[in-house]
Amino acid sequence: MTKILGDKKIVKINNEISIGENPVIIAGPCSVESEESLNKTVSMLKEVGVDILRGGAFKPRTSPYTFQGLGEEGLKILYKVGKSFNLPIISELMDEKYLGIFLKYVDIIQIGSRNMYNYPLLKTVGQTDKPILLKRGMSATIYEWSMAAEYIASYGNSNIILCERGIRSYDNYTRNTLDLAAVPIMKKETGLPIIVDPSHGTGRRELIEPMSKAALACGADGIMVEVHHNPDEALSDSEQTIGIDMYKKLFANIGR
Ligand code: PEP
Ligand code: MN
């Protein structure tokens, strides 16, 4: 299926974290809301344990009338808070015109589900040497997702981490259907490390822990979860965001 990808790959983040060896935990709010709020969440996460900090600054929201993220200011806040807690950061790039600030501020560039098919954007990040987290398109087949990764690699960057975040199905009980079979399949087809995002994958707080355990059991190289110091008040994705008590339990129960 793939031409370049296929051999097992470990992606190094700042020469400190190796994704593809021991499972990693990426956690943080859906959106960066303010420096004060992010500091609160991250100080709690740090007490429990976390490897990489997530936070959206440019948000791909379904409705144009909902919170769109703080943009460049949000990215700077994420950078500052990441530095002060000594955590690498990941955030979503939606528009090539912001590539410069992403190269400067973030450790991992996230390509979101909606942009998995954005071939110009894939080519652009393929010409950098930043680690790229490539989310699965919400209705992408295994072949389409593999080829999106191959686009990035074919332009020179094979520092790619895949992220299964659920696909659309006929049932809306959960926000998406988390396709865990994709984990061993994509590892075999691409050799790339793969992270599972049970937050967008289910849309429901109570499912984060069981699906995280399942993800690691089937060979995922880590999980990415949305956490907020006050999840009910989170400005985006509050129903799927866990608070610090649930995060503590999750951390203890996934055996790290
Ligand atoms: C996110 O992780 O912030 C996000 C928007 O996820 P997705 O692209 O999977 O919808
Ligand atoms: Mn979200």
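These numbers come from a predicted model, not from an experiment. Order of listing sets the numbers, starting from 1, for every ligand and every atom in it. Position 1 is the first residue of the sequence; numbering continues from there.
- H200 NE2, 3.5 Å is the protein heavy atom nearest to atom 4 (C) of ligand 1.
- Distances below 4.0 Å separate heavy atoms of Q110 from the following atoms of ligand 1: 1 (C), 2 (O), 3 (O).
- Taking the six-membered ring where tryptophan is involved, the planes of Y117 and Y119 are perpendicular, since the angle between them exceeds 60° and thus also 30°.
- Protein nitrogen, oxygen and sulfur atoms, that is N, O or S, within less than 2.8 Å of the Mn ion (ligand 2) amount to 4.
- Between Y98 and L93 the shortest side-chain heavy-atom distance falls below 4.5 Å.
- Set against the non-hydrogen atoms of R165, the atoms of ligand 1 under 4.0 Å away are 7 (P), 9 (O), 10 (O).
- For R54, the heavy-atom gap to ligand 1 drops under 4.0 angstrom.
- The protein atom (non-hydrogen) at minimum distance from atom 6 (O) of ligand 1 is K135 NZ, 2.9 Å.
- One side chain, E209 or N253, offers a donor N or O that lies under 3.5 Å from an acceptor on the other.
- I108 pairs in a side-chain contact (heavy atoms from CB on, under 4.5 Å) with only one of the listed residues (I90, I132, I89, N159), which is I90.
- The closest approach between K59 and ligand 1 falls below 4.0 Å for a heavy atom of the residue.
- Between atom CE of residue M224 and atom NE2 of residue H200 there is a gap of 7.0 Å, rounded to the nearest 0.5 Å.
- If you take CG on D237 and OG on S199, they are separated by 8.5 Å, rounding to the nearest 0.5 Å.
- Taking CG from L162 and OG from S146, the interatomic distance works out to 8.0 Å, rounded to the nearest 0.5 Å.
- Looking at atom 8 (O) of ligand 1, its nearest protein heavy atom turns out to be S113 N, 2.8 Å.
- The contact set between ligand 1 and E92, taken as ligand atoms under 4.0 Å from a residue heavy atom, comprises 5 (C).
- The atoms of ligand 1 that sit less than 4.0 Å from any heavy atom of G112 are 8 (O).
- Using a 3.5 Å distance cut-off with no hydrogens or angles, the side chains of S113 and K135 do not pair a donor with an acceptor.
- A 6.0 Å sphere centred on OH of Y143 holds no more than 12 heavy atoms belonging to other residues, nucleotides or ligands.
- Between Q240 and R175, the side chains place a donor N or O and an acceptor N or O closer than 3.5 Å (distance only, hydrogens not considered).
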